[in-house]
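FYI, side chains are in, hydrogens and waters are out, and symmetry mates aren't considered; it's all heavy atoms of this structure.
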Amino acid sequence: MATSSPSAPPKTVLILNADSSFGIKLVNCFFEREYIVTSTIRSKNMGSYPFLDTLTTLCDQVFELDYSNVESIIRAAVAFGERPLDILINITVGPDPLPWKGYTQTCLSDMLQNAVTGPFLAMKYFYNHLRISSSGKIINMVASSNEGNNYFTPSQGLIFPGDTDYDLLIGFQICVGASKQLTRSMAANFKDSGDKITVHSFHLLGILTQLSTTDNDPRHNERLDNCTISVVTAIESRTMENTGEYVIACPD
């Protein structure tokens, strides 16, 4: 008598910095697709994040983690257990708009900590979890700060109120460029070593703008959900064929 094969176990996803504007939407979307979701929240928001109860309800585990604190990344990797990780999502929130002459050594160090050092350490300490997955996938996302949303709309693209305002986005562009290079380098490294782990870079400026808009359009929530669905669908469609690529996730 034929026996039915056991169903495949649910996929796992870890979303770092889920206390960002876009993180809670991602958590909910992956949960609805029956992933086992784990998320992290930055220590400065622990206890004060308004959607903390939602995160703890939707997620299998919620960890406190800061890109600037390697010990917190190691603790999260240990607490995750010895199970496969199918998708690791790094969410980097770019700096507030600032004229380029206003950047200090501390500002630049913080930017690179969020865009490169923290995501790199997350990849390093969750490597074994990704490696034992049948198709480990890393997504490096860069989103604008809330203040930066004034400079972008999905329908009109980048908007510069004055000729001198372009340099207000330099910090964000540094984060995007650094994340893209990290993604390309790690994708090549995994490919050369025979690992089946893929790495992809997502630019989320347009998505975050839609999430943060204050217009009174009654279809607003529907648009937000559609934005999230389009991003998650794009994440799921990434394969070894396009590892290392840069994706502009900006639906109309």
Side-chain angles (χ1 to χ4, degrees), residues 15-23 25-26 40 42-45 65-70 73 89-123 138-188 199-215 227 230-231 234-235 244-252:
I15 303 172
L16 304 187
N17 288 345
D19 53 324
S20 61
S21 298
F22 193 53
K25 284 287 186 179
L26 280 177
T40 74
R42 291 164 287 185
S43 59
K44 68 177 183 179
N45 291 332
L65 183 147
D66 290 292
Y67 280 153
S68 60
N69 183 350
V70 65
I73 299 174
I89 299 177
N90 285 301
I91 300 178
T92 295
V93 179
D96 295 341
L98 185 69
W100 74 270
K101 291 182 179 179
Y103 284 103
T104 63
Q105 181 178 359
T106 300
C107 290
L108 292 170
S109 296
D110 289 345
M111 280 167 37
L112 294 177
Q113 182 80 54
N114 287 323
V116 177
T117 308
F120 174 83
L121 291 173
M123 287 187 270
I138 298 168
I139 307 295
N140 293 321
M141 294 185 168
V142 179
S144 68
S145 67
N146 288 335
E147 291 81 356
N149 292 331
N150 295 328
Y151 295 89
F152 190 93
T153 64
S155 59
Q156 301 177 60
L158 286 170
I159 297 175
F160 305 111
D163 293 337
T164 61
D165 288 321
Y166 180 79
D167 68 347
L168 297 180
L169 295 173
I170 284 180
F172 177 78
Q173 296 299 338
I174 289 173
C175 288
V176 170
S179 180
K180 287 167 63 176
Q181 186 57 54
L182 173 65
T183 295
R184 285 194 294 263
S185 298
M186 293 306 298
V199 195
H200 313 271
S201 178
F202 273 59
H203 175 184
L204 291 182
L205 187 59
I207 302 296
L208 191 55
T209 299
Q210 291 206 28
L211 286 171
S212 307
T213 185
T214 56
D215 65 27
C227 286
S230 70
V231 170
I235 289 172
E245 289 187 359
Y246 173 59
V247 180
I248 300 178
C250 182
D252 293 331

Q: Heavy atoms only: give me the nearest Asn17-Thr40 pair and the separation to one decimal.
A: N-OG1, 2.9 Å
(Q) If you compare all heavy atoms of Cys107 against all heavy atoms of Tyr103, which two are closest, and at what distance to 0.1 Å? (A) CB-CD2, 3.8 Å
Q: Could I get the full list of side chain to side chain donor-acceptor pair (under 3.5 Å) partners for Ser201, not counting sequence neighbours?
A: none
Q: For Asn114, check side-chain contact (heavy atoms from CB on, under 4.5 Å) against everything at least two apart and list the hits.
A: Tyr67, Thr92
Q: Applying side-chain contact (heavy atoms from CB on, under 4.5 Å), run through Ile235 and Val231 and close with a yes or a no.
A: CA-CA 6 Å; Ile235 289 172; Val231 170; 4.0 Å; yes
**Q.** Any residue meeting side chain to side chain donor-acceptor pair (under 3.5 Å) with Gln113, in chain and number order, not counting sequence neighbours
**A.** none
Q: Could I get the full list of side chain to side chain donor-acceptor pair (under 3.5 Å) partners for Ser43, not counting sequence neighbours?
A: Asp66
Q: Could you walk me through whether Leu65 and Ile73 pass side-chain contact (heavy atoms from CB on, under 4.5 Å), step by step?
A: CA-CA 6 Å; Leu65 183 147; Ile73 299 174; 4.0 Å; yes
Q) Nearest 0.5 Å, what's the OH-CD distance between Tyr246 and Gln181? A) 13.5 Å
Q | Closest heavy-atom pair and its distance - Gly23, Ile91 | A | CA-CD1, 4.0 Å
Q | Residue list, side-chain contact (heavy atoms from CB on, under 4.5 Å) with Phe120, at least two apart or on another chain | A | Leu182, Met186
Q.
Applying side chain to side chain donor-acceptor pair (under 3.5 Å), can you list everything that pairs with Ser109, at least two apart in sequence or on another chain?
A. none
**Q.** Ser179 backbone acceptor or donor facing Thr183 side chain under 3.5 Å
**A.** yes
Q. Just how far is it from atom CE of Met123 to atom CG of Leu16, taken to the nearest 0.5 Å?
A. 10.5 Å
